[in-house]
Amino acid sequence: MRISLTVNGVKRVVDVKPNERLLDVLRYRLGIKSVRAGCLVGDCGICTVIVDGKLVKSCLVLAAEANGSNIVTVEGLSTNMRPSPVQRAFVESFGYQCGYCTPAFVLTAHWITENMVNASDEEIARVLNSVVCRCTGYKQIVDSVKLALKWRREGGER
Amino acid sequence: MSLILRTTLPDFDYLLPSSLDELLALKAKYGERAAVIAGGTVLLNLIRLGFRYDYVIDIKGVRELSAIEYREGKGLVIGAAVTLRDLENNEVVRDKYRVLWDAVRQIGDFHLRNRATIGGNICNPTLQADTIAPLAVLGASIEISSMRGSRRVAIWELVKEGGGLLLDPDEILTRIYIPEPPKGSRGAYFKVWWIAGIAALAANIDNPRERIVRIAYSFAPSPKLVEGVERIFRQEKPLKVLIGDAINYIKTIVTPPSDARASREYREHLVEFGTAYLLRKLLGVEV
Ligand SMILES: Cc1cc2nc3c(=O)[nH]c(=O)nc-3n(C[C@H](O)[C@H](O)[C@H](O)COP(=O)(O)OP(=O)(O)OC[C@H]3O[C@@H](n4cnc5c(N)ncnc54)[C@H](O)[C@@H]3O)c2cc1C
């Protein structure tokens with residue numbers, strides 16, 4: 001079946017099978033390599049993307065269900081290869097190690113800065129809770145989010 | 001059922017009806033060959049585990065199933081496809097139906113609740129369904145529809161041993177009705193992941209004759225609303241004593257199972273601990 005998606009601002013029309021996950025269509029049919037498979041059962045959150053303004057785990061969404069929707073992945077955050085403030089905050093605070101979960105955390109952080117500028121530590125934790133990092137602790141990741149929020153509140157670019 | 005895990009899902013067709021009539025007609029036509037998909041957070045995992053369907057019918061195209069409607073004095077009507085996030089963000093749910101709100105916020109995680117629906121939670125044929133005990137203490141009923149018409153049943157009557165609902169193959173859960181809660185009622189949910197869920201609601205705490213205390217347990221495989229707790233709390237004794245009496249009574253009725261996730265003894269401990277925790281919290285009793 002043919003579906004149309006707006007991915008990072010660009011309209012894409014793609015033929016998919018009814019049983020294909022959004023994860024696989026983004027990664028393999030559209031070549032968006034920041035979208036990665038983790039557990040495939042909704043536990044780990046590695047495959048997180050933003051669909052119509054909401055953070056979702058793309059392994060548990062059929063591509064067919066996403067027909068007509070607006071999707072943001074990490075590729076959509078940077079402009080002309082320039083990392084966004086949220087991405088820079090992750091670099092600054094070492095909010096990554098192996099990098100596998102990083103797109104999911106960066107997207108989650110991006111959503112937080114867009115929707116919860118004054119988030120408390122507890123609120124930040126409640127949202128970050130959806131994604132698992134197996135390298136290390138979450139301290140630097142939380143620090144990255146807080147730094148991004150701080151920049152955001154103080155008026156954007158560092 | 002084979003337990004081989006796979007990444008690619010087996011073949012099925014995807015259908016997206018745009019009206020309730022069309023949805024019910026499709027379910028009547030395909031019956032057990034078709035599964036409804038709401039949030040998909042259970043269904044896709046079941047298919048991956050070996051459940052097979054020829055058709056997956058998406059109910060999200062039927063607008064009316066995504067509506068939440070509150071009428072003062074009448075109560076709340078929640079469409080089956082309303083997401084847990086929508087419930088969490090709804091002020092009426094937060095302020096008046098606290099026990100449900102508290103349970104919803106403890107389901108899965110933030111991202112999951114953007115997809116997961118209340119209807120899917122109730123229909124979930126696996127063991128976890130954290131909304132059922134709260135809906136029971138709130139006296140909810142559910143509307144079940146098919147081409148043959150619709151029926152409304154108290155949620156408790158529908159829950160069968162092992163979780164899941166007693167739906168016929170052509171039936172779909174369409175709405176959840178929750179009456180106006182008792183005035184000034186408080187509610188809370190106690191949860192131990194995959195092992196226990198306890199929902200409690202209390203009102204008119206200072207007046208023994210009108211005091212309302214309801215409590216429901218959700219242990220796989222059999223959720224239970226304990227009747228008779230209210231009688232205990234209508235007595236003129238100190239609340240602390242009544243809580244003790246209630247726990248002793250509840251222990252004779254709630255007999256949780258042993259399984260791979262927890263032993264019966266541990267669950268019995270949780271019944272005692274969780275009940276005491278919730279009742280003290282709702283009735284304002286210090287330890
Ligand atoms: C990581 C993870 C964590 C989870 N944590 C929890 C938890 O803490 N507590 C909990 O209770 N659950 C939990 N779940 C299970 C699940 O996410 C929830 O129960 C959720 O509410 C199911 O809703 P859904 O819309 O995704 O259901 P779906 O997957 O769409 O449907 C579930 C089942 O019900 C049927 N169905 C759905 N809607 C209807 C309807 N209207 N009429 C008839 N049949 C219908 C489907 O055919 C399917 O068999 C978790 C799941 C995951 C993946």
Side-chain angles (χ1 to χ4, degrees), chain A residues 1-3 16-25 27-28 36-69 104-105 107-109 111-112 115-116 119 122-132, chain B residues 3 5-18 34-49 51-61 66 81 83-86 88-89 104-117 120 124 126 128 193-194:
Chain A
M1 59 186 292
R2 178 158 291 189
I3 64 168
V16 303
K17 291 198 283 170
N19 62 341
E20 267 183 295
R21 303 171 197 263
L22 178 61
L23 160 65
D24 292 330
V25 167
R27 184 176 175 85
Y28 298 111
R36 295 161 177 177
C39 69
L40 288 170
V41 293
D43 277 323
C44 76
I46 300 300
C47 62
T48 295
V49 298
I50 298 177
V51 178
D52 290 336
K54 291 189 168 146
L55 291 159
V56 306
K57 300 175 179 183
S58 61
C59 71
L60 292 185
V61 180
L62 296 173
E65 287 178 278
N67 190 8
S69 64
F105 274 113
L107 273 178
T108 302
W111 188 90
I112 295 173
N115 294 279
M116 304 166 64
E122 198 208 324
E123 284 166 339
I124 292 172
R126 273 183 77 80
V127 183
L128 288 183
N129 198 5
S130 307
V131 188
V132 171
Chain B
L3 279 173
L5 295 181
R6 44 195 298 166
T7 55
T8 316
L9 298 171
D11 286 337
F12 51 76
D13 270 335
Y14 170 84
L15 304 169
L16 180 65
S18 55
V36 160
I37 189 166
T41 61
V42 172
L43 185 72
L44 296 188
N45 286 338
L46 290 178
I47 291 177
R48 182 170 188 241
L49 282 171
F51 282 73
R52 290 288 172 273
Y53 302 99
D54 295 331
Y55 301 94
V56 165
I57 309 176
D58 193 343
I59 65 169
K60 293 186 293 295
S66 297
T83 63
L84 300 180
R85 159 82 354 84
D86 288 339
E88 197 178 347
N89 287 343
V104 162
R105 276 173 42 106
Q106 296 181 59
I107 293 176
D109 56 53
F110 190 86
H111 297 17
L112 188 98
R113 294 195 295 277
N114 280 329
R115 295 292 294 181
T117 67
N124 182 356
T126 57
Q128 187 91 355
W193 274 80
W194 303 112

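Computed from a predicted model, the values in this text were never measured in an experiment.
Taken from OG in A:S130 to CZ in B:R113, the straight-line distance is 7.0 Å, to the nearest 0.5 Å. In this structure, NZ in A:K17 is found 6.0 Å from CG in B:D11, a value given to the nearest 0.5 Å. Here the CZ atom belonging to B:R85 is positioned 8.0 Å from the NZ atom belonging to A:K54, to the nearest 0.5 angstrom. To the nearest 0.5 Å, atoms OG1 (B:T41) and NZ (A:K57) are separated by 9.5 Å.
Contacts of A:V131 with chain B are made by side-chain atoms alone, with heavy-atom separations under 4.5 Å and no backbone atom involved. With a threshold of 4.5 angstrom between heavy atoms, B:D58 approaches chain A through side-chain atoms but not through N, CA, C or O. Neither the backbone nor the side chain of B:L43 comes within contact range of chain A; no heavy atom of the residue lies under 4.5 Å from a heavy atom of that chain.
Side-chain atoms of A:L60 and B:R115, non-hydrogen and from C-beta on, never get closer than 4.5 Å to each other. Within the 4.5 Å cutoff, the side chain of B:H111 has heavy atoms near those of the A:V127 side chain. In this structure, B:F12 and A:L62 have side chains that are in contact, with non-hydrogen atoms separated by less than 4.5 Å.
No side-chain donor from either of A:N129 and B:D109 sits under 3.5 Å from a side-chain acceptor of the other.
Among B:L16, B:D13, B:I37, B:N45, the residue with the largest count of heavy-atom pairs under 4.5 Å with chain A is B:N45. Residue with the most contacts toward chain B among A:V41, A:T108, A:L23, A:V56: A:V41 (heavy-atom pairs, distance under 4.5 Å).
Contact record, B:L112 with A:G42: CD1-O, 4.5 Å, taken as the closest heavy-atom pair. Residues A:M1 and B:Y14 approach most closely at CE-CD2, 4.1 Å, considering heavy atoms. A pairwise comparison of heavy atoms in B:F110 and A:R126 identifies CB-O, 3.7 Å as the closest pair.
Proximity of a side-chain donor or acceptor of A:N19 to a complementary backbone N or O of B:P10 within less than 3.5 Å is detected.
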